[in-house]
Amino acid sequence: MRIAVVGTGYVGLVTGSCLADSGNEVTCIDIDREKIERLERGEIPIYEPGLDDVVERNREAKRLRFTADLGPAVRAARLVLLAVGTPPAADGSADLSAMWAVVEQIAPHLAKNAIVVTKSTVPVGTSARIAARLKELTGRDCDVASNPEFLKEGAAIDDFMKPDRVVVGVRRPEVADALKNLYAPFLRTEKPFLVMSPESAEMTKYVANALLATKISFINEAANLCERMNADIDDVRRGIGHDSRIGFAFLFPGVGYGGSCFPKDVQALASLARQHGVEPRILDAVHEVNGRQKSVLGEKIAVYFGGNLRGRSIAIWGLSFKPRTDDIRDAPSLVLIDRLLELGANVRVHDPEAMANVCRLYGDKLQYFELQIDALQGADALAIVTEWTEFRHPDFDEMARLMKGRVIFDGRNLYNPSAVATAGFTYHCIGKTPLGPAPSRS
Ligand SMILES: NC(=O)c1ccc[n+]([C@@H]2O[C@H](COP(=O)([O-])OP(=O)(O)OC[C@H]3O[C@@H](n4cnc5c(N)ncnc54)[C@H](O)[C@@H]3O)[C@@H](O)[C@H]2O)c1
């Protein structure tokens with residue numbers, strides 16, 4: 001099948017390369033010419049485990065091509081996948097300007113039997129509106145399907161190749177058949193291919209993300225209460241997780257969710273609800289609780305040091321919004337960095353993949369360290385924001401030798417509190433009473 005993917009970001013590049021890997025001829029299109037030139041040279045513009053191999057293999061086999069010239073690729077395509085960004089507008093609704101620009105651009109080139117497929121996360125009703133606009137532009141009925149993407153950054157290739165389910169929203173069974181054929185190589189373990197209306201498919205994506213975000217804000221609120229009640233959120237988590245109605249997934253306390261999806265999708269669904277006269281009380285609370293949670297670590301540090309960080313050095317491990325990605329969109333680390341700089345701290349950061357992206361935002365306001373251990377030299381405190389596996393078993397004795405202060409603020413509850421306290425550190429994490437010596441004011 002000949003496929004054009006418009007928008008070559010996290011979703012477009014993963015989708016395009018995985019579809020090429022199953023034998024399709026795919027052209028990935030982007031308006032960012034620099035990105036396209038890098039891809040043509042074999043450079044991968046984002047960090048995503050395993051992506052480089054899939055791209056390289058299919059680029060060499062000439063099943064995967066990159067271009068900034070939309071016309072020829074769309075003219076040749078039976079499937080035109082739309083994977084441009086849908087960021088939040090100022091009022092929280094989804095900004096569809098890139099999507100509408102693409103609809104205008106593809107219209108003159110669409111083949112008669114082409115199927116347009118929205119992979120971007122878009123408000124309910126968008127596929128119908130795209131179909132209506134394409135009819136105005138082309139003078140004929142065009143098939144527009146919704147096929148929301150559920151991949152997780154950091155595990156995107158695996159998620160695409162072995163999805164839990166594929167959801168498609170279509171108006172005609174023939175379109176469902178074409179998409180079922182496309183996804184057949186990825187559904188060989190009998191995972192479901194779910195066919196519904198475009199409206200239900202669009203709603204499914206938002207509801208899935210909103211529910212996951214709700215679980216995170218819920219456990220974070222419970223964790224904050226545990227701290228006041230001298231309870232331990234990890235014990236509570238174990239206590240509830242074994243209940244088969246509850247389970248353990250997405251119930252880890254932390255410093256709030258970030259990334260390109262949950263923050264914007266929760267707000268977009270709330271905005272959609274308001275537009276249609278439904279008061280989104282839970283969604284608003286989820287968003288608000290998350291906003292507060294992102295500042296929890298900074299406030300713990302501020303309180304510990306008496307509200308003044310002038311002359312203090314704070315090391316941060318972990319900048320990406322989650323491990324195994326370089327994505328820092330809406331990352332909790334940015335809220336912490338801003339607060340520490342505001343309080344006058346000298347901020348020393350390390351992340352295995354995201355430092356270049358953070359450097360583009362902060363430049364020389366921060367100090368950057370390729371090795372996690374080097375960020376600790378002379379630091380008064382360490383803050384952990386992202387749970388990269390390489391942070392899980394540090395040498396506490398070596399850390400104590402390098403650091404000036406003996407305090408760790410762990411936003412991801414990585415360590416056994418008594419082991420950290422035994423090594424001489426005061427340990428503040430999420431949802432537990434701090435353990436270790438009281439702060440020194442020196
Ligand atoms: N990132 C994820 O984990 C994820 C997961 C599921 C769904 N989604 C959804 O998928 C969509 C894309 O997300 P992303 O993270 O890949 O975004 P992204 O910002 O990484 O990529 C979007 C790409 O579209 C390109 N683009 C913008 N306007 C264009 C135009 N007119 N023509 C061609 N290209 C254009 C941009 O240059 C960019 O490369 C969003 O709706 C998002 O909500 C993202």
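Whatever order the structure lists them in is the order used to number ligands and atoms, beginning at 1.
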Classify the ring geometry between [X] and [Y] as parallel (under 30°), tilted (30 to 60°) or perpendicular (over 60°).
| X | Y | answer |
| --- | --- | --- |
| Phe248 | His242 | perpendicular |
| Tyr415 | Tyr427 | tilted |
| Tyr183 | Phe160 | tilted |
| Tyr257 | Phe262 | perpendicular |

Inset, instruction - Using salt bridge (charged side-chain N to carboxylate O under 4.0 Å, His left out) as the criterion, list what pairs up with Asp284, not counting sequence neighbours. - result: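 For Asp284 the salt bridge (charged side-chain N to carboxylate O under 4.0 Å, His left out) partners, ignoring immediate neighbours, are Arg274.
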Legend entry - side-chain hydrogen bond (donor to acceptor under 3.5 Å, both in side chains) assessment of Tyr362 paired with Asp338: CA-CA 10 Å; Tyr362 290 93; Asp338 287 343; 2.7 Å; yes
Legend entry - Close residues, ligand 1: non-hydrogen atom nearer than 4.0 Å: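 Ligand 1 pocket, heavy atoms under 4.0 Å: Val6, Gly7, Thr8, Gly9, Tyr10, Val11, Asp30, Ile31, Asp32, Lys35, Ala83, Val84, Gly85, Thr86, Ala98, Val102, Gln105, Ser120, Thr121, Glu149, Leu151, Glu153, Lys205, Ser260, Cys261, Lys264, Arg329.
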